[in-house]
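First the structure, in the form of structure tokens, and then the observations on it.
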Amino acid sequence: MSDLVAYSEKANAWLESVAAEFGRSARKGLSEAEDLALGRRYLKARFDAGYAGINWPTEYGGQGLTHIEKVAFETEEMKFGMPTAYFGISLGMPVPIMMKFGSDQVFAKERVLKALQGEEIWCQLFSEPAGGSDLAGLRLRAEQDGNGWKLNGQKLWTSWAQYSDYGVIVARTDPTVQKHKGLTYFWVDMKAPGVTVRPIKLAGGDSHVNEVFFDDVKLTDDHRMSPVGGGFAVAMATLMIERYVATDSAGFGPHLDLFISLAKEVEVNGRPAIEDGRIRQAIARNYAMRNGLDAITARAMLMMQAGMEPGAEGSLNKLVSVRSRQRLSEMAIDLQGPGGAHFDEHAPVKENWQTSWINAPTGRIAGGADEMLLNTIAERILGLPQDYRPDKAVPFNQIPA
């Protein structure tokens, strides 16, 4: 038995021991506030058990292990439906960036320990209404104000901002230079005067994303986490961390076994749907696709274990898996006939075909839209030339609004 297999089995045993208190069945019927409170208690239990900050330095309260153990634990954890969604962005990107780029290490360590134990939540303030997927096109301003800075503008699609204590934010500090070069990276207190958070209700019924307004929000220069004008590089470092999160070839939707069970239960033309050639073909294609994606993930994990950095092929996983989840969910709804029209906005996305289908478009946008992933695949895997970008070398304030 390899050390990694032993680690996964030990983690699974601990997760099974707390599943009754924190897992999927314990969360049924809870309000969002109750579920968040349960999530905070789970993170404290996970911290005490030695499964928090698995690949983070021990001096920050982490375990000092590698990315491979982190992914192995998260892969096991996903099976139990633990209440971790509220903390995924926080622990996935802003807090690691605070560890790396925060100027006050005592402050950073305090924030890290509180985040690991579920006491504090961070958000990531990148997207804007006019920016689309072009991070360098952002317009929120940070203007020098005495010995500090003043923020004015708006961010959009900020996950869990309504519960966040702090956030990391990229702002434009110099509009007279090329758009990539006029950005600076800060952290911000989400409870500061002038910060307004407004949740956005999505088609699936939940409101985990928000629009956030900044009106003369004051920052000291200690809030700055990049050189002035050097924020784009730190933003890219933040986004690169995403490649180390656990992947799911099901696109974070229902497992294929649930579709097979449904196909055995319902009928098509008077016979079990599982006997229909079209349904069997869909199952076979989906099974092959998921195994192909799992093979890419396994290869990436082995590369990380060897101290290497995985390539851009990770873009294939999200692109293919979420698209496939959407198509399979649609087919499952069709198989249910009139009953497929029933929708329960509280049903888990990994267990309910209607919830999976209606939330799939959000999954195809969040964390990199399909078009961005296709560009990455074209340029970095296939070696095709970059798209023509006429605004690349133009000062930002000369780009037509």
So do Ile169 and Leu140 actually touch side chain to side chain, heavy atoms under 4.5 Å?
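Counting from C-beta outward, Leu140 and Ile169 do come under 4.5 Å.
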
Between the side chain of [X] and the main-chain N/O of [Y], is any donor-acceptor distance below 3.5 Å?
X      : Y      : value
Arg224 : Ser226 : yes
Ser17  : Trp14  : yes
Arg325 : Gly251 : yes
Asp391 : Ile399 : no
Thr158 : Leu125 : no
Thr376 : Met372 : yes
Glu69  : Thr66  : yes
Arg40  : Gly118 : yes
Ser356 : Asn352 : no
Ser8   : Leu4   : yes

I need the minimum non-hydrogen distance between [X] and [Y], along with the two atoms involved.
X      : Y      : answer
Ala136 : Phe396 : O-CE1, 4.3 Å
Leu373 : Leu319 : CD1-N, 3.8 Å
Gln117 : Phe47  : CG-CG, 3.6 Å
Phe186 : Ala171 : CE1-CB, 4.3 Å
Tyr42  : Pro83  : CB-CG, 4.3 Å
Trp122 : Pro94  : CB-CB, 3.7 Å

Checking salt bridge (Lys or Arg N to Asp or Glu O under 4.0 Å) for the pair Glu351/Arg24: CA distance, chi angles, key distance, verdict?
CA-CA 11 Å; Glu351 299 176 15; Arg24 190 173 290 108; 2.5 Å; yes

Could you walk me through whether Asn286 and Ser324 pass the side chain to side chain donor-acceptor pair (under 3.5 Å) test, one step at a time?
CA-CA 7 Å; Asn286 202 274; Ser324 176; 2.8 Å; yes

Could you point out which residue of Met190, Arg198, Glu32 forms a side chain to side chain contact (heavy atoms under 4.5 Å, CB included) with Gln162?
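That would be Glu32; it is the only one of Met190, Arg198, Glu32 passing the side chain to side chain contact (heavy atoms under 4.5 Å, CB included) with Gln162.
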
Does [X] come within less than 4.0 Å of [Y], counting only side-chain N to carboxylate O?
X      : Y      : value
Arg278 : Asp276 : yes
Glu267 : Arg271 : no
Asp48  : Lys44  : yes
Asp134 : Lys179 : yes
Arg111 : Glu120 : yes

Could you please spell out the steps behind the side-chain contact (heavy atoms from CB on, under 4.5 Å) verdict for Lys392 and Val394?
CA-CA 6 Å; Lys392 192 171 184 180; Val394 179; over 6 Å; no

Return each pair, listed once, that meets salt bridge (charged side-chain N to carboxylate O under 4.0 Å, His left out) where at least one residue sits in residues 77-91; pairs must be two or more places apart or across chains.
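Every salt bridge (charged side-chain N to carboxylate O under 4.0 Å, His left out) pair that includes a residue of residues 77-91, provided the two are not neighbours, is Arg46-Glu77, Glu76-Lys79.
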
Take a 6.0 Å sphere around [atom1] of [X] and say whether it holds more than 12 heavy atoms from other residues, nucleotides or ligands.
X      : atom1 : answer
Phe107 : CZ    : yes
Asp257 : CG    : yes
Lys201 : NZ    : no
Asn291 : CG    : yes

Given side-chain contact (heavy atoms from CB on, under 4.5 Å), test Asn12 with Phe80 step by step and report yes or no.
CA-CA 9 Å; Asn12 185 271; Phe80 295 89; 3.8 Å; yes

Taking salt bridge (charged side-chain N to carboxylate O under 4.0 Å, His left out) as the definition, give me every residue that meets it alongside Asp174, ordered by chain and number, with sequence neighbours left out.
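For Asp174 there are no salt bridge (charged side-chain N to carboxylate O under 4.0 Å, His left out) partners, ignoring immediate neighbours.
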
I need the full list of ring pair (Phe, Tyr, Trp, His ring centres under 6.0 Å) pairs touching residues 212-237, with sequence neighbours left out, sorted by first then second residue.
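As it turns out, the ring pair (Phe, Tyr, Trp, His ring centres under 6.0 Å) pairs with a partner in residues 212-237, which skip direct neighbours, are His180-Phe232, Trp187-His223.
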
Could you tell me whether the side chains of [X] and [Y] share a donor-acceptor contact shorter than 3.5 Å?
X      : Y      : result
Asp221 : Trp149 : yes
Gln354 : Gln336 : yes
Asn397 : Thr176 : no
Asp216 : Asn152 : yes
Glu74  : Tyr51  : no

For residues 359-366, tabulate all N or O donor-acceptor pairs below 3.5 Å that involve a side-chain atom, not counting sequence neighbours.
from	atom 1	to	atom 2	distance (Å)
Asn359	ND2	Thr355	O	2.8
Arg364	NE	Asp370	OD2	2.7
Arg364	NH1	Gln326	OE1	2.7
Arg364	NH2	Asp370	OD2	2.5

Measure the spacing between [atom1] of [X] and [atom2] of [Y] and express it to the nearest 0.5 Å.
X      : Y      : atom1 : atom2 : value
Ile333 : Trp353 : CD1   : CH2   : 9.5 Å
Ile260 : His255 : CD1   : NE2   : 8.5 Å
Leu38  : Ser31  : CG    : OG    : 10.5 Å
Phe343 : Glu345 : CZ    : CD    : 6.0 Å
Leu65  : Ile54  : CG    : CD1   : 7.0 Å
Ser164 : Asp189 : OG    : CG    : 11.0 Å

Test side-chain contact (heavy atoms from CB on, under 4.5 Å) on Glu211 and Gln154; report intermediate values, then the result.
CA-CA 7 Å; Glu211 53 182 350; Gln154 180 185 0; 3.1 Å; yes

Verify side-chain contact (heavy atoms from CB on, under 4.5 Å) between Leu116 and Trp56, making sure each step is shown before the conclusion.
CA-CA 11 Å; Leu116 284 175; Trp56 293 4; 3.4 Å; yes

Test side-chain contact (heavy atoms from CB on, under 4.5 Å) applied to His208 - qualifying residues, sequence neighbours left out:
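Counting only residues at least two positions away or on another chain, His208 forms a side-chain contact (heavy atoms from CB on, under 4.5 Å) with Ser159, Trp160, Leu202, Asp206.
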
Salt bridge (Lys or Arg N to Asp or Glu O under 4.0 Å) for Glu34 and Arg41? Distances and angles first, verdict last.
CA-CA 11 Å; Glu34 293 169 334; Arg41 294 198 298 273; over 6 Å; no

Ring pair (Phe, Tyr, Trp, His ring centres under 6.0 Å) against Phe126, all qualifying residues, sequence neighbours excluded
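So Phe126 forms no ring pair (Phe, Tyr, Trp, His ring centres under 6.0 Å) with any residue.
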
